[in-house]
Asker: 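Pasting a structure here, questions to come.
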There are 2 protein chains.
Amino acid sequence: MTQDGIARTPDASPRTLPHAATLHDVAREAGVSLATASRVLNGSERKVAEAFRERVERAAEALGYTPNVSAQATARGRSPVIALLVADIADPYFGQIAAGVARGADERGLVVTIAITERDPERENRIVRALRGQRPMGLILAASRAEHPDGAEAGSELEAFERFGGRVVAFGERHGDDGAERSVVIDNAGGAEELGRRMAALGYRTAIGIAAAAGVRTSDDRLDGFTRGFASGGGRVERIVRADFRRESGAAAMAGALAEGVEPGTLVFGMSDVVALGAISAIRAAGREVGSDIAVCGFDDVPASSDVTPSLTTVRIPLNDAGYQAFRAIVDEDWQQDPLPVEVVVRDSTPGR
Amino acid sequence: MTQDGIARTPDASPRTLPHAATLHDVAREAGVSLATASRVLNGSERKVAEAFRERVERAAEALGYTPNVSAQATARGRSPVIALLVADIADPYFGQIAAGVARGADERGLVVTIAITERDPERENRIVRALRGQRPMGLILAASRAEHPDGAEAGSELEAFERFGGRVVAFGERHGDDGAERSVVIDNAGGAEELGRRMAALGYRTAIGIAAAAGVRTSDDRLDGFTRGFASGGGRVERIVRADFRRESGAAAMAGALAEGVEPGTLVFGMSDVVALGAISAIRAAGREVGSDIAVCGFDDVPASSDVTPSLTTVRIPLNDAGYQAFRAIVDEDWQQDPLPVEVVVRDSTPGR
DNA sequence: ATGAAAGCGCTAACAT
DNA sequence: ATGTTAGCGCTTTCAT
């Protein structure tokens, strides 16, 4: 043994590090061919004599062999990965979706890679392009995107991805023409409409919507649905302030609205719970009361929503299941979305008037 | 052009799908060798004539070439990935850490893969083993683990990983002897001690701790620190109930404690905000009041903690930065942890008595 | 500075 | 049923 604890090889190439056992090592150790070793360790169709199989398995065990995923991927031409794009992984909305995706991936032994778009469309495009390099089985777009922000160019990276056999699954129906893309749809409009109806029934007549920029599909759908439902009960969305889906943004938007004046008895509808939570803190900061003075409702039913006081009225959507659906949309050839029930849950932030 | 839109090749092999442009394609298109193409597109040292360089770049652009990461990884022997292990990605604690890791990875063009341990040590071991197959640059263990659950066996997968040049970074100092492993340490004990002191100063004298199983380092440290600080101010932790770090678990533990009887004026210390939040809901469910009746404090300062009412007293730790530190511990050869300030933030859930 | 060619670890025909 | 061998897409000596 040499001083560095590594056996010196005849050709004296100075390996600096021991290397992980390779399939080759296993085969040699077991006294079988590469192919046989590969078959018992990885190949699907079982056609190896029990005796050999055992020897290979023992050798692999002894050497601590782990198949090199990259090598397998190059050889097979596809990578056992699912790429997940989210706007912000620290956001509970995306966190839950991610959990659902991970749950599915785990079942199939797939690895999920995650990338953060920060809600920047340009950044998103760059990421998709880079992700293509991973040659993943599929791409899940959970980041809320706007409709074709600038004409035909947008999404061309996605097309390229699909053209080469990758599957892309988006949350929410996609604008365009492309039939290849699958989407798991959450009934944003329907849920919001029901919410609007319920709020009108509770006696609210005027509302302020805190929405993302026009063009952001999720936001548009929720706002439109709510407006419709609210109107059907005699209510009216009298003002729409813009924010993105971040908490601080919601707070700022609310603060702005407050500065312009908000009548007692007004209902504020945040396009997501996170935004609504931000609005609540702004309302408090302005010395107003949440509930009987200014009512607030949101959308998503993230865990925090039941913890606030007053607890937040919202629309529950099974985010984790939605993530799982997205996973299945990628791996199941004949996938069809299971229904994702949305449900209005009325809590204390919207007392009856 | 044939009917399927693909040029028929002389050997008539029926490719079912177009394939992504390969480096080979680019080289041919540009009329240069594979090596040259590789050099301009990926190689580090620049030594290619400007004329060639341009032709290659144009060809790559025209063909929409994206380097095949797996192939690069096999050729180079290492994969540009950072593997992140968390107990539960939907938990805001892990979500923030993940965001920090992702932020760093993005800077260096690395991809982060995430795996969920579900707080199951056995599962964690399986995962680490599978992860080895990715040959990632490093492994970040954010999942709170117990000390050697069952003797020497535990962590052997980690050792194997490190032996082959992978770097593992753990949150919290590791038990063992191994010098290879780096750890980003959060001053759990110190923060909790200060919290204990402050609570005692507020007038609390008896506390109930909701902790994870003994042996879970994070929990132990927080509990010990708190106990010490609280005692220094004349307080005493009179009961310790066990839960894991999930919200429901915290609620159940609190419900149990409540059933046995909890004196007014008692302080409940949840080992994490999530647990404390669960405790709060249990207290409410039992018809008791949070604050003046039963006070509650937690640890982490997740966003939800400032939204609850009464807002939760806790210890703030810069989780996102902690995640970023972990990233750096992997990529920077001469890494040294930047200090991660912990700070007690007293809110309404622990009014002075 | 450029190209030819030998790998990287593994899979999958194709023999045998 | 097992072994041989030609790739997979890319990197990297090693010549030139």
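Just so it is clear: chains get the letters A, B, ... in the order the sequence lines come, proteins before strands, and each one is counted from 1.
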Asker: Using atom NE2 of B:His24 as one end and atom P of D:dT11 as the other, report the distance to the nearest whole Å.
Answerer: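 These atoms are roughly 14 Å apart.
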Asker: Taking NE2 from B:His19 and P from D:dG9, how many angstroms apart are they, rounded to a whole number?
Answerer: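 In whole Å, D:dG9 P lies 6 Å from B:His19 NE2.
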Asker: Side chain of B:Thr22, heavy atoms from C-beta onward: which of D:dG9, C:dG9, C:dG3 has the nearest atom to it?
Answerer: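 In terms of side-chain proximity for B:Thr22, the closest of D:dG9, C:dG9, C:dG3 is D:dG9.
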Asker: Tell me: CZ of B:Arg28 to C1' of C:dG3, nearest whole Å?
Answerer: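 One finds 17 Å between C1' of C:dG3 and CZ of B:Arg28, rounded.
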Asker: Tell me the interatomic distance from B:Arg55, atom CZ, to C:dG3, atom C1', rounded to whole angstroms.
Answerer: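 From B:Arg55 CZ to C:dG3 C1': 14 Å.
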Asker: Return whichever of B:Arg76 or B:Phe52 has its heavy-atom-nearest nucleotide of DNA chain C closer to the 5' end.
Answerer: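 Closest to the 5' end, via its nearest nucleotide, is B:Phe52.
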Asker: To the nearest Å, how far apart are A:Lys47 NZ and D:dG3 P?
Answerer: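 For the pair A:Lys47 NZ and D:dG3 P, the rounded distance is 15 Å.
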Asker: Quick one: is C:dT11 close enough that its OP1 or OP2 comes under 4.0 Å of any side-chain N or O from A:Thr74?
Answerer: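 False: A:Thr74 side-chain N/O out of range (4.0 Å or more) of C:dT11 OP1/OP2.
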Asker: Does any N or O donor sit under 3.5 Å from an N or O acceptor when you compare the side chain of A:Arg39 with the base of D:dG3?
Answerer: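 Pair found.
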Asker: So, does B:Asn42 get its side chain near the phosphate of D:dC10, meaning an N or O under 4.0 Å from OP1 or OP2?
Answerer: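 False: B:Asn42 side-chain N/O out of range (4.0 Å or more) of D:dC10 OP1/OP2.
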Asker: Figure out the CZ/C1' separation between A:Arg53 and D:dA1, and round it to whole Å.
Answerer: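 From A:Arg53 CZ to D:dA1 C1': 12 Å.
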Asker: Indicate yes or no for a side-chain donor-acceptor contact from B:Glu162 to the backbone of B:Glu181 under 3.5 Å, with no hydrogens or angles considered.
Answerer: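 Such a contact is found between B:Glu162 side chain and B:Glu181 backbone.
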Asker: Please say whether the positively charged group of A:Arg132, taken as NZ for Lys or CZ for Arg, lies over the ring of A:Phe161, i.e. under 6.0 angstrom from the six-membered ring centre and within 45 degrees of the axis.
Answerer: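 Judged by the rule, A:Arg132 and A:Phe161 form no cation-pi pair.
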Asker: Of the nucleotides C:dT11, D:dT2, D:dG9, which has the atom closest to the B:Asn68 side chain?
Answerer: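 So the nucleotide nearest the side chain must be D:dG9.
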Asker: Would you mind telling me which of D:dG9, D:dT11, C:dC10 lies closest to the side-chain atoms of A:Leu23?
Answerer: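 The nucleotide sitting nearest to the side chain is C:dC10.
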Asker: Compare side-chain N and O positions of A:Gln72 against OP1 and OP2 of C:dC10 and report whether any pair is under 4.0 Å apart.
Answerer: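 No, A:Gln72 has no side-chain N/O under 4.0 Å of OP1/OP2 on C:dC10.
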Asker: Apply salt bridge (Lys or Arg N to Asp or Glu O under 4.0 Å) to residues B:Arg328 and B:Asp321 and explain how you reach the verdict.
Answerer: CA-CA 10 Å; B:Arg328 296 222 311 135; B:Asp321 289 346; over 6 Å; no
Asker: When you measure from the side chain of B:Arg182 to the backbone of B:Ala329, do you find a donor-acceptor pair of N or O atoms at a distance under 3.5 Å?
Answerer: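 Here the side-chain-to-backbone pair exists.
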Asker: What is the separation between atom CD on A:Glu50 and atom P on D:dT2, rounded to the nearest whole Å?
Answerer: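 After rounding, the gap between these two atoms is 10 Å.
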Asker: Enter the distance from B:Thr113:OG1 to B:Ile82:CD1 here, rounded to the nearest 0.5 Å.
Answerer: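 Those atoms lie 9.5 Å apart.
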Asker: For C:dG3, take OP1 and OP2 only and decide whether either is under 4.0 Å from a side-chain N or O of B:Thr36.
Answerer: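 It does, given that an N or O in the side chain of B:Thr36 lies less than 4.0 Å from OP1 or OP2 of C:dG3.
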Asker: Between D:dG3, C:dT2, D:dT12, spot the one nearest the side chain of B:Ala35, thanks.
Answerer: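 Of D:dG3, C:dT2, D:dT12, D:dT12 is nearest to the side chain of B:Ala35.
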Asker: OP1 or OP2 of C:dT11 less than 4.0 angstrom from a side-chain nitrogen or oxygen of A:Ser38, does that happen here?
Answerer: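 It does, given that an N or O in the side chain of A:Ser38 lies less than 4.0 Å from OP1 or OP2 of C:dT11.
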Asker: The side chain of B:Val32 is closest to which nucleotide in this list: C:dG3, D:dT2, C:dC10?
Answerer: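 Among the listed nucleotides, the one closest to the side chain of B:Val32 is C:dG3.
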Asker: Closest to the A:Leu34 side chain: C:dC8, C:dT11, C:dT2?
Answerer: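 Comparing C:dC8, C:dT11, C:dT2 against the side chain of A:Leu34, the answer is C:dT11.
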Asker: State whether the distance check finds a donor on one side and an acceptor on the other, under 3.5 Å, for side chain A:Ser70 versus base C:dG9.
Answerer: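 A donor-acceptor contact between them is absent.
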Asker: If you check every side-chain atom of A:Ser33, which of D:dG3, D:dA1, C:dA1 has the closest atom?
Answerer: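 Taking heavy atoms from C-beta onward, the closest nucleotide is D:dG3.
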Asker: Once you round it to whole Å, what is the distance between P of C:dG9 and CG of A:Leu63?
Answerer: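 So the CG-P distance, A:Leu63 to C:dG9, works out to 14 Å.
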Asker: Does any N or O in the side chain of A:Asp332 come within less than 3.5 Å of the main-chain N or O of A:Asp334, such that one atom is a donor and the other an acceptor?
Answerer: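 Not confirmed, A:Asp332 side chain does not pair with A:Asp334 backbone.
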